[in-house]
Amino acid sequence: MSFVGPLGLSVRDRTLEADTQAGLTAVEEGLLEATKSDVPFITEAAQHLVRAGGKRFRPLLVLLAAQFGDPHAPGVVPSAVVVELTHLATLYHDDVMDEAEVRRGVSSANVRWGNSVAVLTGDFLFARASHILADLGPEAVRIQAEAFERLVTGQILETAGPRDGRDPVEHYLDVLAGKTGSLIAVSGRFGAMMSGADESIVSILTQYGERLGMAFQLADDVLDIASDSHESGKTPGTDLREGVATLPVLYVRERAEATGSAEDRELCELLAGDLSDDARLAEVLRRLRAHPALEQARRVTVRYAAEARSMLAPLPEGPAKAALEGLCDAVVHRAG
């Protein structure tokens, strides 16, 4: 058994493992090629996050989905490069919006070069993704445009917050479907589509990707609270410190409102306060880890992963299907 890609996905089939590793290597080369410019400074800024690494979760899904057709079809690797470029571009923009200082273990582009350069570098990556898409045909361009619209809508909804009377949890799940689910759904769709897989398989892998994307992001929410930095590679409480109300936090607020518990109300006050103080953040993390809201969020994560897995039922049995099922298990494992 070998491990490839993000999350330590186990692949038991040697041919699939070789295909996937070769595909990921080709994607990496494609990313470096797509981020080159005649202007050395632009190349440096555009390759900043590419070289910092990352899970490459979306390209991996493209490559696995392509196993249901011809995995070596010419559009497979370029479409994997497109989804990763799009993802990277959103990270440059997110870091400006969140005033983040670190991304993937290196200084964020906005800290290193300022907000204007970070925003424009994100735009440069979108332009390069569009350039590659143009060679993949009008259908690919349309699919990517629709996903990008959903992604931006999700970001706007997050910034605007839930409208009056809207359930904050429902609103948050809508935000995640746009911000994260849309591009991971496209990853499954592109892989199947570019490989020439049957239309019914393209549809299955699109729906699978959407649900897997939700589970993946919700697992991150849980991880932000439940893990230590050694386990996850990220500093616990990062979202809390940035004031992001993730699912566990929304469930704490919901319970405080429903029960009127003094303890829950006190925790809500702490969450609403300044968490730049390490001792205060540590206290909030300690309380959240012991709170039923964390387990509630974990159950929702498991539910989305189970829905993703159930989508795969009609697919033919084989190493590729087993690997996609393994991704569901890996996401759940991350959430504990």
Side-chain angles (χ1 to χ4, degrees), residues 19 23-24 26-38 42 46 50 56-93 119-157 174 177-214 311 314-315 320 324:
D19 264 3
L24 287 171
V27 168
E28 216 58 37
E29 289 166 1
L31 287 170
L32 288 172
E33 190 56 40
T35 46
K36 276 183 191 161
S37 165
D38 293 338
I42 296 176
V50 175
R56 304 294 189 249
F57 180 59
R58 291 154 190 83
L60 177 66
L61 182 51
V62 173
L63 297 172
L64 291 175
Q67 291 288 327
F68 294 91
D70 173 9
H72 306 115
V76 173
V77 167
S79 69
V81 172
V82 164
V83 291
E84 189 65 10
L85 279 176
T86 305
H87 173 57
L88 287 168
T90 65
L91 298 184
Y92 281 85
H93 288 179
V119 170
L120 291 167
T121 303
D123 293 346
F124 176 80
L125 295 181
F126 285 131
R128 285 299 171 89
S130 300
H131 193 270
I132 296 167
L133 271 166
D135 292 333
L136 296 177
E139 177 71 354
V141 173
R142 186 184 61 76
I143 289 166
Q144 175 74 356
E146 286 171 359
F148 191 44
E149 181 184 334
R150 285 188 62 204
L151 199 156
V152 172
T153 301
Q155 187 67 67
I156 292 169
L157 285 174
D174 276 353
K179 275 186 64 178
T180 306
S182 61
L183 195 56
I184 295 178
V186 165
S187 302
R189 187 171 183 177
F190 272 170
M193 185 176 125
M194 295 299 164
S195 73
D198 186 79
E199 192 56 47
S200 63
I201 290 178
V202 175
S203 174
I204 285 166
L205 289 169
T206 305
Q207 294 174 67
Y208 163 84
E210 177 95 19
R211 286 158 181 79
L212 186 69
M214 294 289 287
M311 285 287 155
L315 294 182
L324 291 172

Within-4.5 Å side-chain heavy-atom neighbours: [X] and [Y]:
| X | Y | value |
| --- | --- | --- |
| I42 | T35 | no |
| E139 | M193 | yes |
| P78 | D135 | no |
| V141 | L136 | no |

Which atoms form the tightest heavy-atom contact between [X] and [Y], and what is the distance?
| X | Y | result |
| --- | --- | --- |
| L85 | A34 | CD1-CB, 3.8 Å |
| V50 | R56 | O-NH2, 3.0 Å |
| S79 | V62 | OG-CG1, 3.6 Å |
| H93 | F126 | CE1-CE1, 3.5 Å |
| F190 | A140 | CZ-O, 3.6 Å |
| L205 | A192 | CD1-CB, 3.7 Å |

Nearest 0.5 Å, what's the [atom1]-[atom2] distance between [X] and [Y]?
| X | Y | atom1 | atom2 | result |
| --- | --- | --- | --- | --- |
| E33 | R128 | CD | CZ | 8.5 Å |
| S182 | M214 | OG | CE | 10.5 Å |
| F57 | L183 | CZ | CG | 11.0 Å |
| L212 | M311 | CG | CE | 12.0 Å |
| L151 | I156 | CG | CD1 | 10.5 Å |
| T86 | L91 | OG1 | CG | 11.0 Å |

Keeping the roles fixed (side chain from Y92, backbone from L125), state whether a donor-acceptor pair exists under 3.5 Å. no
Just checking, is any N or O donor in the side chain of S203 or E199 under 3.5 Å from an acceptor N or O on the other one? no
I'd like a table of donor-acceptor pairs (distance under 3.5 Å, sequence neighbours excluded) in which one partner is a side-chain atom from residues 64-74, with atom names and distances.
residue: Q67; atom: NE2; partner: D19; partner atom: OD2; Å: 3.4
residue: D70; atom: OD1; partner: H72; partner atom: N; Å: 2.9
residue: H72; atom: NE2; partner: D19; partner atom: OD1; Å: 3.1

Derivation and outcome, side-chain contact (heavy atoms from CB on, under 4.5 Å), residues I184 and R58: CA-CA 6 Å; I184 295 178; R58 291 154 190 83; 3.9 Å; yes
Closer than 4.0 angstrom, basic N to acidic O: yes or no for E146 and R142? yes
